[in-house]
Trainee: 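The structure's right below; bear with me while I get my questions together.
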Amino acid sequence: MQNIPALWRDPETYLSRSAPDHPVLFFAPSVLHATAQRFLDGFSGLVTYAVKANAHPAVLSNLVAAGVNAFDVASPAEMAAVRGVSDTAVMHYNNPVRSAKEIAAGIDYGAASWSVDCASELDKLAAVPRSCEIAVRFALPVSGAAYDFGSKFGASPDDAVNLLRRVAVEGWTPSLCFHPGTQCEDADAWVEYIHAAKEIVDRAGAHIARMNVGGGFPAHRCGTAPDLEAQFAAIDAAVTHAFGATPPAILCEPGRAMVAESFTLAARIKGIRGAGETVFLNDGIYGGLVDIRDMGLPERVHVVAADGAWRKGRTVPRVVFGPTCDSLDRLPDGLPLAGDAEVGDFVLFPGLGAYSLAMTTAFNGYGVSEVVTVLDLLRDKTSNA
Ligand SMILES: *Cc1c(COP(=O)(O)O)cnc(C)c1O
């Protein structure tokens, strides 16, 4: 008999029935489908998914089911994860530094597109079939993102000109790619990159059929939800403005913005000290909350009592420690939590689907160990009196 996992109504129902003593990530496929549809409808090019943000098989298979059929992969293990859910999904191998064995694996998996940002790395790709696209990744010193991706990867515009010429001369399909940095709330970053791409194309005297505008689309962390459609429109306008009547096709590779909102993390309160100013959770920066260390505090956090009801007390600032014996295991900015929170309650962090499960460690025997599928992530508040 096939064992199909239960679909729980919402996180609160599961928490009140199961009282899990480990952190749980709640996954709502409905939310992932809606986000995928938003990208597919709103972005005027190919939508691919950056597997590193969350490689859970349920994420990958639901994206395929939603109509996403191309994936940005960085390692043979990510290629295997994609093949595990689809025989036909297209793979773009966009880690620009590769070992000989990894290149062989990419060829075996049939990676259709490869990015490169340096001549010595292009030298290594001699065996890659000439039917493939090679996208030259370039970087600019632009701001707008939570942190800069250009400090590790990406050729200078001058080097990109030379690489693009070489890709064309050696017989691959030349293309350009960039990544404006993760959680990029300022569409001007894309605009700058797109205009720089046009200059590189002109200086190289090459024709590119396609341009990869990267990931970096923001998730809902603070304030109102980001206006992705406005960013798509800014990208379209910049492509038209820069390239005129013969623009390259574009593709994007969102990770964070695609998957963040479809997961809510629940961590349990293990201990409260002093007059309540210090709280110990069963998850922290070595587990599912690692992204908070780098990205800062998200809003929308709430406390759920053991019976599933939301705590309604006025929030008070807390110092929040994770479960390990490492004193660095602390949320850097603390966290405001309901004043009536008690030991045994759960703290729910919405929007934590990206860089949570993917980066959780088992340090000290802790970390996210369960993904529970739910119909909906937000309980109807009227049933929560
Ligand atoms: C990480 C990464 C992405 C996804 O970035 P997000 O900020 O999560 O959207 C896309 N492309 C490449 C090449 C990456 O390394």
Side-chain angles (χ1 to χ4, degrees), residues 32 35-36 38-39 42-43 45-56 59-60 63 68 70-75 77-79 81-82 90-98 102 106 111-118 121 133-140 142-155 160 175-187 189-190 193 197 210-221 226 228 231-232 235 250-263 290-291 294-296 298 351-359:
L32 184 60
T35 311
R38 205 170 155 195
F39 270 95
F43 184 79
L46 179 69
V47 176
T48 76
Y49 171 65
V51 172
K52 81 169 184 286
N54 187 329
H56 194 280
V59 169
L60 301 180
L63 284 172
V68 174
F71 293 83
D72 163 43
V73 292
S75 61
E78 288 187 356
M79 296 178 209
V82 170
V90 174
M91 293 195 227
H92 296 169
Y93 188 0
N94 286 341
N95 185 339
V97 183
R98 307 172 182 87
E102 288 172 337
S113 181
W114 303 60
S115 71
V116 72
D117 69 351
C118 147
E121 291 295 328
E133 171 186 77
I134 292 189
V136 174
R137 178 161 169 175
F138 70 100
L140 302 174
V142 302
S143 58
Y147 58 91
D148 183 13
F149 272 32
S151 57
K152 180 167 182 183
F153 295 139
S175 167
L176 282 175
C177 67
F178 56 83
H179 192 300
T182 201
Q183 187 69 18
C184 186
E185 304 200 351
D186 184 356
W190 278 278
Y193 265 105
R210 199 154 80 151
M211 177 171 61
N212 176 351
V213 302
F217 300 92
H220 183 185
R221 297 190 59 82
L228 292 177
Q231 291 191 314
F232 300 153
I235 289 170
I250 56 173
L251 71 133
C252 65
E253 43 190 25
R256 178 183 298 283
M258 184 68 92
V259 76
E261 205 58 19
S262 57
F263 284 78
V290 57
D291 200 44
D294 301 322
M295 306 292 298
L352 274 204
Y355 308 110
S356 51
L357 190 62
M359 291 169 78

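Fair warning: this is a prediction, and the values are worked out from it, not measured in the lab. All ligand and atom numbering here is 1-based and tracks the order in the structure.
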Trainee: So F217 and W190, would you call those rings parallel, tilted or perpendicular, with 30° and 60° as cut-offs?
Mentor: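 F217 and W190: parallel rings.
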Trainee: Yes or no on side chain to side chain contact (heavy atoms under 4.5 Å, CB included) for Y93 and R98, after CA distance, side-chain angles and deciding distance?
Mentor: CA-CA 10 Å; Y93 188 0; R98 307 172 182 87; 3.6 Å; yes
Trainee: To the nearest 0.5 Å, what is the distance between CG on N54 and CG on L60?
Mentor: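 The distance works out to 7.5 Å.
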Trainee: To the nearest 0.5 Å, how far apart are CE in M211 and CG in L251?
Mentor: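 Between M211 CE and L251 CG, I get 9.5 Å after rounding to 0.5 Å.
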Trainee: Quick one: which ligand 1 atoms are inside 4.0 Å of a heavy atom on R256?
Mentor: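 Within the 4.0 Å cut-off of R256, ligand 1 contributes 6 (P), 8 (O), 9 (O).
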Trainee: Could you tell me whether the side chain of D291 and the main chain of Y355 form a donor-acceptor pair under 3.5 Å?
Mentor: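 Not at all, since once roles are kept as given, no pair shorter than 3.5 Å links the two residues.
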Trainee: Which of the numbered atoms in ligand 1 are below 4.0 angstrom from a heavy atom of R137?
Mentor: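 So the atoms of ligand 1 that pass are 13 (C).
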Trainee: Run the contact test for M258 against ligand 1 with a 4.0 Å cut-off on heavy atoms, strictly below, and give the result.
Mentor: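 Per 4.0 Å heavy-atom rule, M258 does not contact ligand 1.
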Trainee: Near G255, which atoms of ligand 1 are under 4.0 Å from a heavy atom of that residue?
Mentor: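 Matching atoms, with element in brackets: 4 (C), 6 (P), 8 (O), 9 (O).
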Trainee: Classify the contact between K152 and ligand 1 as side chain, backbone, both or neither, using a heavy-atom distance cut-off of under 4.0 Å.
Mentor: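 The answer is neither.
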Trainee: For ligand 1, which atoms, with element, lie under 4.0 Å from some heavy atom of G216?
Mentor: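 Numbered from 1, ligand 1 contributes 5 (O), 6 (P), 7 (O), 9 (O).
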Trainee: Any atoms of ligand 1 less than 4.0 Å from a non-hydrogen atom of A50? List them with their elements.
Mentor: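 So the answer, numbered in order with elements, is 3 (C), 4 (C), 10 (C).
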Trainee: Under 4.0 Å from a heavy atom of D72: give me the atoms of ligand 1 that qualify, with their elements.
Mentor: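 That gives atoms 10 (C), 11 (N), 12 (C), 13 (C), 14 (C) of ligand 1.
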Trainee: Has ligand 1 got any nitrogen or oxygen that is less than 3.5 angstrom from a nitrogen or oxygen of Q183?
Mentor: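 Such a contact does not occur with ligand 1.
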Trainee: Working to the nearest 0.5 angstrom, can you tell me the gap between M258 CE and T35 OG1?
Mentor: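 These two atoms lie 7.5 Å from each other.
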Trainee: Compute the minimum heavy-atom distance from A53 to ligand 1 and say whether it is under 4.0 Å.
Mentor: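 A53: no contact with ligand 1 (<4.0 Å).
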Trainee: Run the side chain to side chain contact (heavy atoms under 4.5 Å, CB included) test on E78 and M91 for me, step by step, so that the C-alpha distance in whole Å, both residues' side-chain angles and the decisive distance to 0.1 Å come before the verdict.
Mentor: CA-CA 10 Å; E78 288 187 356; M91 293 195 227; over 6 Å; no
Trainee: Report the C-alpha separation of F43 and I250 in whole Å, then their side-chain angles, then the decisive distance to 0.1 Å, and conclude whether the side chain to side chain contact (heavy atoms under 4.5 Å, CB included) test is met.
Mentor: CA-CA 9 Å; F43 184 79; I250 56 173; 3.5 Å; yes
Trainee: If you count the atoms of ligand 1 from 1 in the order shown, which ones are under 4.0 Å from a heavy atom of E253?
Mentor: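 That gives atoms 3 (C), 4 (C), 10 (C), 11 (N), 12 (C), 13 (C) of ligand 1.
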Trainee: With a 4.0 Å cut-off on heavy atoms, is Y355 in contact with ligand 1?
Mentor: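 Heavy atoms of Y355 do come under 4.0 Å of ligand 1.
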Trainee: Checking E133 side chain against A112 main chain: does a donor-acceptor pair fall under 3.5 Å?
Mentor: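 Between the backbone of A112 and the side chain of E133 there is no qualifying donor-acceptor contact (under 3.5 Å).
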Trainee: Just let me know how T182 lines up against ligand 1, side chain, backbone, both or neither, with a heavy-atom cut-off below 4.0 Å.
Mentor: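 The answer is both.
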Trainee: May I ask you to list the atoms of ligand 1 that are less than 4.0 angstrom from any heavy atom of G215?
Mentor: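 What qualifies from ligand 1 is 9 (O), 10 (C).
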